[in-house]
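Read the structure below first, then the notes.
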Amino acid sequence: QQQVKQSPQSLIVQKGGISIINCAYENTAFDYFPWYQQFPGKGPALLIAIRPDVSEKKEGRFTISFNKSAKQFSLHIMDSQPGDSATYFCAASRTGGGNKLTFGTGTQLKVEL
Amino acid sequence: SAVISQKPSRDICQRGTSLTIQCQVDSQVTMMFWYRQQPGQSLTLIATANQGSEATYESGFVIDKFPISRPNLTFSTLTVSNMSPEDSSIYLCSVKSSYNEQFFGPGTRLTVL
């Protein structure tokens with residue numbers, strides 16, 4: 001019930017392309033879905049987050065798409081750049097559960113020139 | 001977002017010893033969390049630390065192994081006790097903002113020999 005499944009495990013995209021990372025959850029009580037970006041040797045940084053009352057949220061080149069009925073959400077990185085090369089984690093939490101984050105397994109993104 | 005610092009940033013320890021990790025936040029926060037990130041893996045919640053009450057531990061983590069202090073609203077410590085090589089990980093603290101976002105510190109990289 002608490003799992004968040006993330007795919008793919010790794011992703012290689014050409015510069016200027018679109019990177020897409022998918023997550024699926026089981027617990028319908030989850031009501032907050034953030035994405036984190038982590039560079040080697042650094043802590044995870046909050047990138048963008050969505051709540052289930054909207055189906056899409058965009059911030060610059062980063063977009064979250066949310067499908068409540070399918071219990072899936074995805075991160076789209078438009079015009080991917082080499083500086084976007086990092087590990088991305090999706091996560092989920094529920095307000096009544098102490099806001100504890102359950103993380104996906106992570107996706108290593110490499111953007112090639 | 002909150003500015004979070006951790007000390008030490010990294011350490012190499014001998015098995016059987018203990019290490020105390022400090023987490024300092026630049027603003028008062030109600031909820032602080034401690035996570036473990038094993039090499040190449042995702043983040044796992046160890047415990048939630050609220051000021052003025054006992055920490056709440058997740059399944060698989062116990063107070064004797066990971067004692068936590070939360071003396072005020074800007075500071076917390078996590079001790080990794082009686083260490084073994086299996087404790088080699090990155091230990092991360094995070095804080096919850098008033099908007100329910102979670103921000104992470106830079107992490108403490110622990111190697112146990």
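Just so we're on the same page: letters track the sequence lines, and every chain starts at 1.
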Among A/Ala45, A/Ala49, A/Gly104, A/Ala91, which residue has the highest count of heavy-atom pairs closer than 4.5 Å to chain B? A/Gly104

Would B/Glu101 and A/Tyr32 count as a side chain to side chain contact (heavy atoms under 4.5 Å, CB included) here? Give the steps. CA-CA 9 Å; B/Glu101 300 165 320; A/Tyr32 176 68; 3.6 Å; yes

Would a single hydrophobic cluster contain both B/Phe33 and B/Tyr57, if residues Ile, Leu, Val, Met, Phe, Trp and Tyr are joined by side-chain heavy-atom contacts under 4.5 Å? no

Hphob cluster co-occupancy, B/Ile90 + B/Val95, side-chain heavy atoms under 4.5 angstrom: yes

Would the number of heavy atoms belonging to other residues, nucleotides or ligands and lying under 6.0 Å from CD of A/Gln14 be above 12? yes

Please classify the contact of B/Tyr99 with chain A as side chain, backbone, both or neither, using a heavy-atom distance under 4.5 Å. backbone

Just by distance, do the side chain of B/Ser42 and the backbone of A/Gly106 share a donor-acceptor pair under 3.5 Å? no

Is there a chain of hydrophobic side chains (I, L, V, M, F, W, Y, each step under 4.5 Å between heavy atoms) that links A/Ile77 to A/Phe73? yes

Quick one: do B/Val25 and B/Phe103 end up in the same hydrophobic cluster if we chain Ile, Leu, Val, Met, Phe, Trp and Tyr together by side-chain heavy atoms under 4.5 Å apart? yes

Pair A/Phe89, B/Gln37 - check side chain to side chain contact (heavy atoms under 4.5 Å, CB included), show working. CA-CA 12 Å; A/Phe89 293 96; B/Gln37 186 176 26; 3.5 Å; yes

Under 6.0 Å from the CD atom of A/Gln81, do we count more than 12 heavy atoms belonging to anything else shown? yes

Grouping I, L, V, M, F, W and Y whenever their side-chain heavy atoms are under 4.5 Å apart, do A/Val111 and A/Leu113 come out in a common cluster? no

Heavy-atom cut-off 4.5 Å, strictly under: side chain, backbone, both or neither for A/Pro34 against chain B? neither

Starting at NZ of A/Lys100, measure out to OG1 of B/Thr56 and round the result to the nearest 0.5 Å. 7.5 Å

Region of B/Leu45 in contact with chain A, defined by heavy-atom distances below 4.5 Å: side chain

Between A/Leu46 and B/Gln102, the two heavy atoms sitting closest are CB-O, 4.2 Å

Please round to the nearest 0.5 Å and tell me the distance separating atom OH of A/Tyr36 and atom CZ of B/Phe104. 5.0 Å

B/Arg109 to A/Lys42 - nearest heavy-atom pair and separation: NH2-N, 3.1 Å

Got a sec: does the CD of A/Gln108 have more than 12 other heavy atoms crowding it under 6.0 Å? no

Under 4.5 Å to a heavy atom of chain A? For B/Gln6 that would be neither

Other residues, nucleotides, ligands: >12 heavy atoms within 6.0 Å of A/Arg61 CZ: yes

Counting only heavy atoms closer than 4.5 Å, note whether A/Leu101 contacts chain B via side chain, backbone, both or neither. both

Segment of A/Gln6 engaging chain B (4.5 angstrom heavy-atom cut-off): neither

